[in-house]
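Some notes on the structure that comes next.
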Amino acid sequence: MKKVIIGLVTVFCLLTCTFAREAVIKITIGHGVPEETAEHLGFVKFKEILESESNGRFQVTIYPNQQLGGDRELTESVQLGNLTITGPSSAPLASFDNNFYVLDIPFLFSNRKKVYQTLDGPAGKALLDSLDQYNLKGLGYMENGFRNLTNSRHEITSPTDLTGLKLRTMENEVHIAFWKLLGANPAPLAFGELYTALQQKVVDAEENPFELIRNNKLYEVQKYITVTRHIYSPYVVVINKQFYNHLSTSDKTLIDHAMKRAIDYQRRQAEILSDKAKETIRNNGNVITDLTPEQLCEFRTKVTPVINLVRKKAGDQMVDMFLSDGLKHGQ
Ligand code: TK8
């Protein structure tokens, strides 16, 4: 009897251990921003949904705040399979997949509604599908936000005010061309080095959405903010292609659905946090300058030629798809 019990217990242990070992699927996520940000909250939501919907079969670990590197390193890690998921801004992702330069068309979107219609529609989907050839699968777009110009020197209301200012851009050639056309002196720099560069006055100016100007404390070292909303560069959520392709159909659906819900949540948080950030920055005594339509027009006119560079990089087909989608949505 004793032997039978020991035997049964052994079989049971072996079965559960084997089952457990086979069943648990580990997912690692790395991203480049602090834990107070909407991007982080979005990934936490994804973890919660996926772990609970899979009854713990999926285990998700998140590494925030550049712990595993900046956007470029994180994207490389996902390509190599050392990391499962990341969410770089579309601008640095464009040097991996040139199609993403399409999102660098200046003033492509005028409001959030149009952004979501386009990104969640056929144009956004075609862009995500283009990642396939780079060993990535795109799961969707989270919000980083409309980008605004900040600097430590003086109030900026026209391109002339930018003359000679040293301005940090994301690692993206179209952005560099854009700021050159406006008369600034742009240079690319990884996000992780930005605060120190501004603090030490190696750089005078930069551009980011309100939420990151706040959460990365850039407003401490950038007194002036001009609401230019010149580019909307979303976070593109990417997963290692092999990892995704090896999942069962039902697991793929679990991931897709969890990410869709997480993205909806993330976008709501981004909107709330962006408004709060603007408030905090204003209360801190920073100068926030809104531009009149005429002033904004001056910026727009100067950067129009950038579209030719975008066409060269992203191709006419992708550019036309995004532009006609914009027109369809009444832009
Ligand atoms: C963080 C970056 C950041 C971006 C930048 O990973 O570099 O200015 O706005 O969000 O992607």
Side-chain angles (χ1 to χ4, degrees), residues 29-43 62-78 83 85-97 100-101 103-104 109 115 136 138 140-151 166-176 178-179 184 186-199 202-222 225-238 263 266-267 269-271 273-274 277-278 281:
I29 301 179
H31 67 78
V33 288
E35 281 159 85
E36 307 85 62
T37 58
E39 184 177 30
H40 183 72
L41 298 179
F43 281 132
I62 306 173
Y63 300 92
N65 217 359
Q66 319 234 355
Q67 275 172 28
L68 303 180
D71 283 345
R72 198 155 33 83
E73 294 84 5
L74 291 166
T75 307
E76 275 163 10
S77 297
V78 172
L83 183 71
I85 293 177
T86 187
S89 287
S90 63
L93 186 64
S95 57
F96 290 79
D97 177 351
F100 277 84
Y101 282 112
L103 294 173
D104 299 317
F109 300 115
V115 169
L136 297 167
Y141 302 92
M142 287 189 183
E143 169 144 319
N144 188 351
F146 282 97
R147 303 181 77 84
N148 295 311
L149 170 65
T150 75
N151 88 99
K166 276 179 271 161
L167 181 142
R168 175 266 179 179
T169 68
M170 289 196 271
E171 294 161 284
N172 177 300
E173 286 174 51
V174 172
H175 289 213
I176 299 172
F178 173 102
W179 292 105
L189 191 68
F191 191 58
E193 294 162 44
L194 178 57
Y195 183 89
T196 316
L198 293 171
Q199 192 186 33
V202 179
V203 170
D204 307 304
E206 67 89 49
E207 42 86 60
N208 250 300
F210 273 115
E211 200 208 316
L212 289 184
I213 298 174
R214 150 99 180 84
N215 283 328
N216 261 74
K217 311 213 181 332
L218 305 178
Y219 70 104
E220 291 177 355
V221 285
Q222 297 279 273
I225 299 158
T226 305
V227 185
T228 44
R229 294 165 65 89
H230 50 279
I231 275 169
Y232 180 100
S233 174
Y235 292 124
V236 186
V237 182
V238 292
I263 285 175
Q266 193 275 345
R267 288 175 178 174
Q269 292 304 311
E271 191 166 350
L273 291 176
S274 170
K278 196 172 175 183
I281 295 167

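In listed order, ligands and their atoms are each counted from 1.
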Exercise. Is a side-chain donor-acceptor pair under 3.5 Å present for Asn172 with Asp104?
Worked result: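 Yes - a donor-acceptor pair under 3.5 Å links their side chains.
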For this session: Under 4.0 Å, heavy atoms only, figure out whether ligand 1 is touched by the backbone of Glu39, its side chain, both or neither.
Result: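 It is neither; nothing of Glu39 touches ligand 1.
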Exercise. Where's the contact between Leu212 and ligand 1, heavy-atom distance under 4.0 Å: side chain, backbone, both or neither?
Worked result: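 Just the side chain.
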Exercise. What heavy-atom pair brings Gln222 and Ala205 nearest, and what distance separates the two atoms?
Worked result: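 What the structure gives for the nearest pair is OE1-CA, 3.6 Å.
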Exercise. Does CD belonging to Glu173 count more than 12 external heavy atoms closer than 6.0 Å?
Worked result: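 No.
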Exercise. Do the non-hydrogen side-chain atoms of His31 and Tyr235 ever get within less than 4.5 Å of each other?
Worked result: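 Answer no - side chains too far apart.
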Numbering as shown, the atoms of ligand 1 that approach [X] to under 4.0 Å (heavy-atom distance):
{"X": "Val33", "answer": "1 (C)"}
{"X": "Met170", "answer": "4 (C), 5 (C), 7 (O), 8 (O)"}
{"X": "Tyr235", "answer": "10 (O)"}
{"X": "Asn208", "answer": "4 (C), 5 (C), 8 (O), 9 (O)"}

For this session: Classify the ring geometry between Trp179 and His230 as parallel (under 30°), tilted (30 to 60°) or perpendicular (over 60°).
Result: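 Plane angle over 60°, so perpendicular.
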For this session: Quick one: pull up OG1 in Thr86 and CZ in Phe43 and give me the separation to the nearest 0.5 Å.
Result: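 Going from OG1 on Thr86 over to CZ on Phe43, the span is 6.0 Å.
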Exercise. Is Gln66 close to ligand 1, meaning an N/O of one under 3.5 Å from an N/O of the other?
Worked result: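 There is no such contact.
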Problem set entry | Geometric N/O contact Ser89 with ligand 1, under 3.5 angstrom |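 Yes.
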Exercise. Mind checking whether Arg168 has a heavy atom under 4.0 Å from ligand 1?
Worked result: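 True for this residue.
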For this session: Apply side chain to side chain donor-acceptor pair (under 3.5 Å) to the pair Ser274 and Glu211, showing each step before the final yes or no.
Result: CA-CA 5 Å; Ser274 170; Glu211 200 208 316; over 6 Å; no
Exercise. Considering only the protein, which heavy-atom contact is closest to atom 6 (O) of ligand 1, and what is its distance?
Worked result: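 Scanning the protein heavy atoms, the shortest distance from atom 6 (O) of ligand 1 goes to Asp71 OD1, 2.8 Å.
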